[in-house]
Undergrad: 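Just dropping this structure here.
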There are 2 protein chains.
Amino acid sequence: MPTRRSTPRPLPPAKKQAARFALQREADRTATAEDYVELIADLLREEGEARAVDVARRMGVSQATVTATVGRLQRDGLVETKPYRGLFLTAEGQTMATAAKARHDLVVRFLIAVGLDAETAEEDAEGLEHHASDKALAAFARFLAEREG
Amino acid sequence: MPTRRSTPRPLPPAKKQAARFALQREADRTATAEDYVELIADLLREEGEARAVDVARRMGVSQATVTATVGRLQRDGLVETKPYRGLFLTAEGQTMATAAKARHDLVVRFLIAVGLDAETAEEDAEGLEHHASDKALAAFARFLAEREG
DNA sequence: TCCGAAAGTTAGCCTAGGCTAAGAACTGTT
DNA sequence: AACAGTTCTTAGCCTAGGCTAACTTTCGGA
């Protein structure tokens, strides 16, 4: 039997590794859209309207950037705008927002369950929610069900 | 006592939320560098050299892209090149690679511990390792120590 | 009503990170 | 020693996502 150490699974096949990175880049591309629609949905729900200026404030970004990004979201069929009347989600945008929120909340609860304080869990979820696969999320849910169920 | 529901911690203060997104963007910026130096370190360790063409293959990216990216890494003091002789890490790059690998391995072990199969854990770690805070990583380590220790 | 402040857009710029196509430079083999 | 094939770079292009400055549009209060 050839050498088989336990620790260092170091170099996956090039193709497999390339596929992973490609998936990664794909996730990066959708992350912004998810953050925006999630925030817009939150604002609509909590404050009744989602104005670009508030999105800018909460994203920590200039209004010009919001205009440009919202333009892309509109092009992609996720958002509708009525100038000076705020931003709205299309059905597709709403679907994405709902899924994003569910993922976000799941990740937060999971992080708390494994020992993070609520504040840090919120912070980390912001980044992690876009990069956890469905399988990972399912595992998190299973984990929570066991602990809490 | 005012209303206090358990589920929906929905809108953090704008400033705090903006800060989170800013951190997020910061992490995104360093993610590429970490992936490259981690891969270069792996190639150096496992194959004795890290040629740009192999980096391109494993990143799933064109050689021209590698040239450009390595140029930025060089500018930032992480990598050195000897054309046709492969890529090398500076001390700083080595430090980053070591930290990245440690994070990566920790995340993989953690994901497996919470129920993911090894393959999926590898895939997910690729994305998650760049977005887990030190506090989160510490929590993961604590979790592992409890289960396994 | 009108006018100033707030909100939104536009123009012009930048960086990172992708691509292809074409050319230059090196290496190993004969 | 020379050539073929590999490797690397360059040029030129693109998109996403940032910025500031200047402009327009709308809203609300005096």
Side-chain angles (χ1 to χ4, degrees), chain A residues 14 18-40 43 47-88 126-127 130, chain B residues 14 18-40 43 47-88 126-127 130:
Chain A
R20 284 180 197 161
F21 281 120
L23 272 180
Q24 202 42 53
R25 289 191 292 269
E26 181 61 33
D28 285 343
R29 269 197 302 279
T30 57
T32 302
E34 289 179 351
D35 282 337
Y36 270 74
V37 299
E38 196 176 344
L39 176 53
I40 290 167
L43 287 168
E47 320 216 312
E49 61 175 357
R51 277 143 62 248
V53 66
D54 290 324
V55 172
R57 220 158 359 232
R58 301 195 98 94
M59 295 291 302
V61 126
S62 74
Q63 280 185 246
T65 294
V66 170
T67 298
T69 304
V70 165
R72 284 188 289 269
L73 298 178
Q74 218 167 349
R75 179 200 61 192
D76 297 342
L78 297 167
V79 163
E80 280 165 4
T81 66
K82 305 183 189 172
Y84 295 89
R85 222 135 280 278
L87 309 173
F88 301 87
E126 208 61 75
H130 303 298
Chain B
R20 283 180 197 160
F21 281 120
L23 271 180
Q24 203 41 53
R25 289 192 291 271
E26 181 60 32
D28 285 343
R29 269 199 301 280
T30 57
T32 303
E34 288 178 353
D35 282 337
Y36 270 73
V37 298
E38 196 176 344
L39 176 54
I40 290 168
L43 287 168
E47 321 216 313
E49 60 176 357
R51 276 142 63 248
V53 67
D54 290 324
V55 172
R57 229 170 338 244
R58 301 196 99 94
M59 295 291 303
V61 125
S62 74
Q63 280 185 247
T65 294
V66 170
T67 298
T69 303
V70 165
R72 285 188 287 270
L73 298 177
Q74 217 166 351
R75 178 200 60 190
D76 297 343
L78 298 166
V79 163
E80 279 165 6
T81 66
K82 306 183 190 173
Y84 297 89
R85 222 136 279 280
L87 309 173
F88 301 87
E126 208 61 74
H130 303 298

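For clarity, every value in this text was computed on a predicted model and none was experimentally measured. Sequence lines set the chain letters: A, B, ... in the order given, protein chains first and strands last, and positions in each chain run from 1.
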Undergrad: For B/V66 versus B/V61, what's the shortest heavy-atom pair and its separation?
TA: CG2-CG1, 3.8 Å
Undergrad: Could you check how far NZ of B/K82 sits from C1' of D/dT7, rounded to whole Å?
TA: 17 Å
Undergrad: When all nucleic acid strands are considered with a 4.0 Å heavy-atom cut-off, which category describes B/A52: base, sugar-phosphate, or nothing?
TA: sugar-phosphate
Undergrad: Do any side-chain nitrogens or oxygens of A/T67 fall under 4.0 Å of OP1 or OP2 in C/dT9?
TA: yes
Undergrad: Are any of the side-chain heavy atoms of B/H130 and B/T30 separated by less than 4.5 Å?
TA: no
Undergrad: Would you indicate which nucleotide in C/dG18, C/dG17, D/dT20 comes nearest to any side-chain atom of A/R25?
TA: C/dG18
Undergrad: Within the structure, does a side-chain N or O atom of A/T32 lie under 4.0 Å from either OP1 or OP2 of D/dG17?
TA: yes
Undergrad: Should A/V79 and A/Y36 count as side-chain neighbours, where that means a heavy-atom distance under 4.5 Å?
TA: no
Undergrad: I'd like a list of close polar pairs between nucleotides 25-28 of chain C and the protein, N/O only, cut-off under 3.5 Å.
TA:
residue, atom, partner, partner atom, Å
C/dA25, N3, B/Y84, OH, 3.1
C/dT27, OP1, B/R85, NH2, 2.4

Undergrad: For the side chain of B/Q63, starting at C-beta, report the closest nucleotide among D/dC8, C/dA16, C/dT10.
TA: D/dC8
Undergrad: Counting only side-chain heavy atoms from C-beta out, which of D/dC8, C/dT10, C/dG18 sits nearest to B/Y36?
TA: C/dG18
Undergrad: Need to verify one output field. Residue with the more 5' nearest nucleotide on DNA chain D, A/D76 or B/G86?
TA: B/G86
Undergrad: For C/dC19, does either OP1 or OP2 sit under 4.0 Å from a side-chain N or O belonging to B/T65?
TA: yes
Undergrad: Could you check how far CD of A/E49 sits from C1' of C/dA6, rounded to whole Å?
TA: 13 Å
Undergrad: Would you mind classifying the nucleic acid contact of B/S62 as base, sugar-phosphate or nothing, using non-hydrogen atoms under 4.0 angstrom?
TA: base
Undergrad: For the residue pair A/E126 and A/D35, establish whether any side-chain heavy-atom pair is separated by less than 4.5 Å.
TA: yes
Undergrad: Round to a whole Å and report the spacing from CZ of B/R57 to P of D/dC8.
TA: 10 Å
Undergrad: Which heavy atom of B/R57 sits nearest a heavy atom of A/A18, and at what distance?
TA: O-CB, 3.4 Å
Undergrad: Over how many whole Å does the gap from A/Q74 atom CD to D/dA16 atom P extend?
TA: 14 Å
Undergrad: Within this structure, what is the CZ-to-C1' distance between A/R51 and D/dT25, rounded to whole angstrom?
TA: 15 Å
Undergrad: Could you tell me which non-hydrogen atom of B/L43 sits nearest to which non-hydrogen atom of B/A50, and how far apart they are?
TA: CB-CB, 3.8 Å
Undergrad: Report the distance from atom NE2 of A/H130 to atom P of D/dG17, rounded to the nearest whole Å.
TA: 11 Å
Undergrad: Taking 4.0 Å as the cut-off, does a side-chain nitrogen or oxygen of B/R72 come that near to OP1 or OP2 on C/dG18?
TA: no
Undergrad: Rounded to the nearest 0.5 Å, how far apart are OG1 of A/T67 and CZ of A/R72?
TA: 11.0 Å
Undergrad: Return all side-chain donor-acceptor pairs below 3.5 angstrom for residues 19-29 of chain A, not counting sequence neighbours, or 'none' if the list is empty.
TA:
residue, atom, partner, partner atom, Å
A/Q24, OE1, B/G127, N, 3.4
A/Q24, NE2, A/H131, NE2, 3.2
A/R25, NH1, B/M59, O, 3.0
A/R25, NH2, B/M59, O, 3.4
A/R25, NH2, B/G60, O, 3.1
A/E26, OE1, A/R29, NH2, 2.4
A/D28, OD1, A/H131, NE2, 2.9

Undergrad: With a 4.0 Å cut-off on heavy atoms, is A/V61 in touch with a base, just the backbone sugar-phosphate, or nothing at all?
TA: sugar-phosphate
Undergrad: B/Q24 CD to D/dG18 C1': how many Å, rounded?
TA: 16 Å
Undergrad: Figure out the CG/P separation between B/D28 and D/dG18, and round it to whole Å.
TA: 9 Å
